[in-house]
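Heads up, the thing below is written out as structure tokens.
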Amino acid sequence: MFKGTSQIGTIDYEKEKPLLEQIENQYENYRQTTNEDKRKQIYGKIDQLSLEAAKYVIPNEFSRIQSLMGILHSNAFTSNDRTYYVATVPSNQINNFLHLEWERFKDPVFRTFHTELESVFEERNLRVTDFNSNLFKQYYQIMFPNHPYGEKTPIGTDAHLKNPSIKKIHTFFNEHYIPSKMAICMSGDLDPDEVLKEIKKTFGTMPSKTQTSKLDIPEYKPQESTNKIIINSKKKIYLFGIKIPKSSPKLYAEANTIASLLSNGYNGLLDESLYYSQNANSVSVSTTEWKDYFLLNIWVEPSKSLSLNETKNYILSAFQKLENKEISDEMFQSVKNNQRLVLIKKKDDNEFRLNEISEAFLANWGYEKIQQKFQSMNQTKPEDLSDFVKNFVNHNIVSIETVSGNSNFVYIAKLPISKLEFSKEEESKFKKEFSIEPIKSISPEFADFDLIQSKQYPNGNQIIYQKNKENSLFKFKMIIERGAWISPYLDISIDYWRHLGTDLYTANALSTKFYLLGSSVSIQTHGEALEIIMEGEDEHFISSFRLLEHSIKSVASSKEVWEKLLSNHLQYLDLLKEEESEIDSALHQYSLFGKNSLRFFQANQTELKKIKSSDAINLLGNLLKFKSKITYYGKLDFETLENNVFREYTNLPKTIDASLLSKKQFRNNNETSFYVLSRKRPHVELTYFSTIFLPTPVNLTYFSIYNSMYAGLSSPFFTTMREQTGNAYAADVFISPPEFEKDPILWLANLSCQADKLDSCLFDAKNSLESPKITKLRFDEAKTSTLYSASTIRKSHSYLIDEFNRSSRLGLTEDVDKLMYESLNEVKWDDFIDFTKKINDAGFFQISLIGDPQKFNRQSLKSLGKVEELTESTIIGR
């Protein structure tokens, strides 16, 4: 659907069309042929016809037109009962957007099919080994044994993928892309009446059709069973599912309230019985909303000694309390208050509103029922929850335990694809004539730092203040720059704090008190910074802040808690070498920093066994003595904060400067190096890093234009790596600006390709990155795209403190985006080409590579740079 139409993405559809028809017919022959030699011959014809057809193709022209209008995040995805097409559109481009969308929905042409099919093969190969994909595919099969949610997956079976039919794709489109099955959901700065006029002119002319297919949805029946799921991981998970018919908004509201009463991270029934008791390392309860049903999911990562049956008994006990209405009024009201605060935070979130609108459409609910969904949260009573448990929970819990096993994964093999040579013409007649002129001009609203009051004190501490004029909430952060370097034992100490009480409160009582105040609180590392964060209702800020201070200064040690925690951390470090996401992160950091990164600073198993509980307590107590940025956004005035709330921190005689502790150091960028980790994966995954020192303020605009040019489906790099050859499933390149003034910029490229394509993938990537073909037309498009998308920036009435800190770290006194925007018109094509040459000439790449060593040739790597073979132990660092 992104490949264009008879007008978009082609220089001559009349000549292209017969070739596309032949390709379509050859695929029908291919899927009906079983003899492998004959199938190869037919596929060879498809490949040759595709080469001929490609001469008429302007790749990704549809996405380029979207980008040119300043449209961001244009994408599509299919889930169990829906297909979404999404985009973030400048408010003054809505009419043009609708006309362009209508053009593709009325007249799609499915060109460059075999390279796109290859990318679907790769997506399937990725999913088959992915932990979450594997787990939830089996979970839904168990939960929905006689329903399409469990019987089918959106990507289809291997037999479907190996025997594709473009004819059937046309049939599917004609049967399902019809008015009675479609909705256009929009949220933002728009005039509904005006937008409806444009929709009537475009999608309103779509001919109505009778629905020819109707699913036979089985009648709802309670379901109770105990199951095991084999996963390719040593991690133990207990998953409990409760299936509920989606019969009313009220029922869904009750399920959400129950989820919060069971686990909210503070005083939930399962938080108390499983997490604070250290029976489980984590517990969470969520809802999954679909058209016919919704699920109540309980996810538990148990400690070593907790069995599935014991966990279920804790869960049944919690539900029994709900059924017997043994929840205190205080706890019940606190859940409702926190649900209300969540809605206040989300009320201006377009994504949240769109999700609710689309779910209502799928459920055939009108506007009144959307309102009822949220009103029911306030109106729910304990007796409603008691009835819910009686009707939908008792004898309706599916219990699942994961079991570690080495699955024998079968991958779909690559088919030979000749490199497509697309048309040399860069624009179709349609694109040249299509108007991207906005209906009105809109101007960006950048961060006004005059709204922020900042004061530095002799001890190094700083208060950064902004008055909240929008709602009743506050945000507080205490930021210790480079604070992650304070101690190798910081992680375990913070985890200890989460499990401990004080001299006045137990851990659960302390957490409950925060929740009753409506305040969320956390201590966490964010990159190199350590942040103490709290958000909530502003009228409770001072009492919440005093409680936060108390929780850090007056932590009560517990030998039992410490011993269990230490055991769990040692178990966690054992599993790190099995966690794919952890391995990816470790390899990237090793490629960038070698052993000069936080990962190698953090305590390993041997070091953890030596630390004492008292050391962790002392470490926690000292956190408030470090040099900090103390930030507040709320209703209180600056003088009250300075002279009352934060007085202790402004009057400290001296502070400890954590920034002096940092040992982070980028690798020397003087030769191309491959950091190779052997791992049995279906793909080879590569990330290219190049650290380049350029003056940031001068080059902000160049960064933005570059990233706009290489964003999404219209990226020249994506076209080279995926559209022409199907070599790479994922291919993107971008520039990441530095966080601090003296840091380098990062030029990054990500690639994911099958191992047998690695040689050609490396060759094409090298040519594309080192010799980019940037025409003046593509530069002009990227510049216009940056201008239009930047014009939608709206910061004038929002929380600005993070923007202020972002600029301060770069030594700037104005909004980074404002400086970029104001320089846009000055950038010329020749200047931009000079900038790209500086990027290309500035250094070499450090390339992380993960893949199966049996499937690729190491000599091809050695011809391009130095190769360092790694193990998980080398890069994990602890």
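Computed from heavy atoms alone, side chains included, the values below leave out hydrogens, waters and symmetry copies. In this text the structure is predicted, and so the values were computed from the model without any measurement.
- Between the side chain of K246 and the main chain of W290, a donor-acceptor pair closer than 3.5 Å is present.
- Looking at R39, its side chain does come within 3.5 Å of a backbone N or O of Y30 through a donor-acceptor pair.
- Take Q41 and apply the side chain to side chain contact (heavy atoms under 4.5 Å, CB included) test, not counting sequence neighbours, and it matches no residue.
- Using a 4.0 Å cut-off between charged nitrogen and carboxylate oxygen, K55 and E52 count as a salt-bridge pair.
- Checking side-chain atoms of T786 against main-chain N and O of A782 turns up a donor-acceptor pair under 3.5 Å.
- The aromatic rings of F144 and Y149 sit perpendicular, their planes meeting at an angle over 60°, well past the 30° parallel limit.
- Here K776 pairs with D780 in a salt bridge; the nearest charged N to carboxylate O distance falls below 4.0 Å.
- Under the 4.5 Å side-chain criterion, counting only non-hydrogen atoms from C-beta, F352 is in contact with L343.
- A salt bridge links E194 to K197: one of the charged nitrogens lies within less than 4.0 Å of a carboxylate oxygen.
- Taking the charged nitrogens against the carboxylate oxygens, K201 and E198 do have a contact shorter than 4.0 Å, which makes a salt bridge.
- Using modelled atom types, one side-chain atom of R111 and one backbone atom of T5 make a donor-acceptor pair closer than 3.5 Å.
- Paired with S165 under the rule side-chain hydrogen bond (donor to acceptor under 3.5 Å, both in side chains), one option of E28, E24, H170 passes, and it is E28.
- A donor-acceptor distance shorter than 3.5 angstrom exists from the side chain of S791 to the backbone of Y788, with no hydrogens or angles considered.
- Residue Q379 places its CD atom among more than 12 non-hydrogen atoms of other residues, nucleotides or ligands, all under 6.0 Å distant.
- Side-chain contact, S119 with R722: a donor N or O sits under 3.5 Å from an acceptor N or O.
- Side-chain atoms of H99 do not come within 3.5 Å of backbone N or O of N96 as any donor-acceptor pair.
- The salt bridge (Lys or Arg N to Asp or Glu O under 4.0 Å) with E359 is formed by just one residue from the set R82, R353, K373; it is R82.
- Side-chain atoms of S715 do not come within 3.5 Å of backbone N or O of A711 as any donor-acceptor pair.
- N125 and Y729 are not linked by any side-chain donor-acceptor pair at a separation below 3.5 angstrom, with hydrogens and angles left out of the test.
- Nearest heavy-atom pair, I11 versus S423, reported as atom, atom and distance to 0.1 Å: CG2-OG, 3.4 Å.
- Residues M143 and Y293 have side chains not in contact (no heavy-atom distance under 4.5 Å, counting atoms from C-beta outward).
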